[in-house]
Colleague: 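I'd like to ask you about the structure that follows.
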Amino acid sequence: MPVMKQMSRTYRRALVTGATGGIGGALARALPVATDLLLTGRNAEALAQLVQELARPGRRVDVVVADLGTDPGREAVAVAAEAFAIDLLICNAGQGPFGDFLDAEEPALRDTVSVNVMAPLVLLHRLLPGMLTRAAAAGRRAGVIVTSSGVAFYPVPRLATYAASKAFSLSLTEALAAELDGAPVDLLALCPTATKSHFAERSGYGPSLPGAQDPAAVARAALQALGRQRTLTLGPISGSVLTVPALVRAGMAQAISLLVRRGDGARSRRR
Ligand SMILES: NC(=O)C1=CN([C@@H]2O[C@H](COP(=O)(O)OP(=O)(O)OC[C@H]3O[C@@H](n4cnc5c(N)ncnc54)[C@H](OP(=O)(O)O)[C@@H]3O)[C@@H](O)[C@H]2O)C=CC1
Ligand SMILES: N[C@@H](C=O)C(=O)O
């Protein structure tokens, strides 16, 4: 795996959720050795293997075995990440059942929302304040990558709950990027389409997704895009088709943010 050379900046300590999966593992492997890692997932054995693979002299590689679908799991990861003093937050864990909505077991749908919606929401709300404070004090910039999906841009029958959850994470990340414009943080909504990982099998779709791309390429592109753009769409089709709506959405977020700030100013002058 070539070491990342084109990142727009280096980070000292990164939290990677979903590190035991295809894209999360690729992100952890693509980060420079200078970046300490806090890796999380439910699979303790896979986390231990990652520590073996990624530990280097002078590099901290810690793990948190936690279920991000539960409040205690999200709390454990947030507390560990704050103690680790992260400056790069990669909200990547995700899951979702493939199939007709009415045939799905309700707990599986609840898990999808808990992991894909509640976990990024809680981790961003809990960890960004400390990240911003530390970045400002150090004269550096923090970074956030939220792994959404190409399907965040359109509804997907038979992946209805999953795609809706990805629309949430895309919209939240785009809005936060505009809201935090001027703050010492860069945010990236990562929107790949089919990528080689365990996702297809776990979702019940099948052994793999048609035309699935290399997770290492997704990881390298994401780390290269962070700090240079706010949304990255990746994939044989989405790479071009979704680029335009992604730019339109980011522009709308920025324009709305400016209008709201101007409205705030007018309201405060009237008080
Ligand atoms: N593969 C694809 O085609 C695409 C994937 N994505 C997104 O990429 C991200 C990574 O998925 P990908 O690598 O493909 O899939 P994998 O199934 O390979 O990895 C999923 C990761 O999420 C973690 N995870 C799932 N549920 C939980 C949970 N309840 N608590 C803690 N961790 C959990 C898994 O950890 P563990 O098993 O250890 O619990 C694993 O590390 C996801 O957000 C997915 O939605 C987006 C577009 C395309
Ligand atoms: N995980 C994939 C399902 O199709 C995707 O998000 O594209």
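Just follow the structure's listing: the first ligand is 1, and inside any ligand the first atom is 1. Values in this document were obtained by computation on a predicted structure and should not be read as measured data. Side chains are part of it too, since the values below use all heavy atoms of this structure and drop only hydrogens, waters and symmetry mates.
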Colleague: Heavy-atom contacts with Ala66 under 4.0 Å: which atoms of ligand 1 show up? List them by number with element.
Modeller: 30 (N), 31 (C)
Colleague: Looking at Thr195, which atoms of ligand 1 are within less than 4.0 Å of one of its heavy atoms?
Modeller: 1 (N), 2 (C), 3 (O)
Colleague: Report, in ascending order of atom number, the atoms of ligand 1 lying under 4.0 Å from any heavy atom of Gly41.
Modeller: 38 (O)
Colleague: Pull out every atom of ligand 1 sitting under 4.0 Å from any heavy atom of Thr147, numbered as shown with elements.
Modeller: 7 (C), 8 (O), 9 (C), 43 (O)
Colleague: Among Pro215, Ala28, Ala194, Gly94, which one puts a heavy atom closest to atom 20 (C) of ligand 1?
Modeller: Gly94
Colleague: Should you measure from each heavy atom of Leu68, which atoms of ligand 1 turn up under 4.0 Å away?
Modeller: 28 (C), 29 (N), 30 (N), 31 (C)
Colleague: Should Gly22 be counted as touching ligand 1, given the test is an N or O pair under 3.5 Å?
Modeller: yes
Colleague: If hydrogens are left out, which of Arg202, Arg42, Glu45, His198 has an atom nearest to atom 37 (O) of ligand 1, that is, the closest non-hydrogen atom?
Modeller: Arg202
Colleague: Tell me whether Lys166 reaches ligand 1 (any heavy atom closer than 4.0 angstrom to a ligand atom).
Modeller: yes
Colleague: Using distance alone, determine whether Gly21 and ligand 1 share an N or O pair under 3.5 Å.
Modeller: yes
Colleague: With a 4.5 Å limit on heavy-atom distance, are the side chains of Glu174 and Arg230 in contact?
Modeller: no
Colleague: Would you indicate which of Ser203, Ser149, Ser165 comes nearest to atom 6 (O) of ligand 2 when only heavy atoms are counted?
Modeller: Ser149
Colleague: Would one find an N or O of Ser149, backbone or side chain, under 3.5 Å from an N or O of ligand 1?
Modeller: no
Colleague: Please state which part of Asn92 comes within less than 4.0 Å of ligand 1, counting heavy atoms only: side chain, backbone, both or neither.
Modeller: both
Colleague: Within a distance under 4.0 Å of any heavy atom of Leu159, pick out the atoms of ligand 2 and give their elements.
Modeller: 3 (C), 4 (O)
Colleague: Between Pro120 and Cys91, which heavy-atom pair has the shortest distance, and what is it?
Modeller: CA-SG, 4.1 Å
Colleague: Give the numbers and elements of all ligand 1 atoms closer than 4.0 Å to a heavy atom of Thr20.
Modeller: 34 (C), 35 (O), 36 (P), 37 (O), 38 (O), 40 (C), 41 (O)
Colleague: Sort out for me which residue in Val144, Leu226, Leu88 forms a side-chain contact (heavy atoms from CB on, under 4.5 Å) with Asp186.
Modeller: Leu226
Colleague: Assess Tyr162 for proximity to ligand 2: is some non-hydrogen atom of it under 4.0 Å away?
Modeller: yes
Colleague: Please list the nearest protein heavy atom to atom 32 (N) of ligand 1 with its residue and the distance rounded to 0.1 Å.
Modeller: Ala93 CB, 3.9 Å
Colleague: Could you say whether the N/O atoms of Val115 and ligand 1 ever approach to under 3.5 Å?
Modeller: no
Colleague: Would you please say whether a donor-acceptor pair under 3.5 Å links the side chains of Gln254 and Asp181?
Modeller: yes
Colleague: Under 4.0 Å from atom 11 (O) of ligand 1, can you find at least one protein heavy atom?
Modeller: no
Colleague: At a 4.0 Å cut-off, with the gap strictly under it, does some heavy atom of Ser148 reach an atom of ligand 1?
Modeller: yes
Colleague: Is Pro192 close enough to touch ligand 1? Criterion: a residue heavy atom under 4.0 Å from a ligand atom.
Modeller: yes
Colleague: May I ask you to list the atoms of ligand 1 that are less than 4.0 angstrom from any heavy atom of Asn43?
Modeller: 38 (O)
Colleague: Can you find an N/O atom of Ile23 closer than 3.5 Å to an N/O atom of ligand 1?
Modeller: yes
Colleague: Do we get Arg202 above Phe98's six-membered ring, with its NZ or CZ under 6.0 Å from the centre and within 45° of the axis?
Modeller: no
Colleague: With a cut-off of 4.0 Å, which atoms of ligand 1 are near a heavy atom of Asp67?
Modeller: 28 (C), 29 (N), 30 (N)
Colleague: What pair of heavy atoms forms the shortest contact from Leu188 to Ala222, and how long is it?
Modeller: CD2-O, 3.4 Å
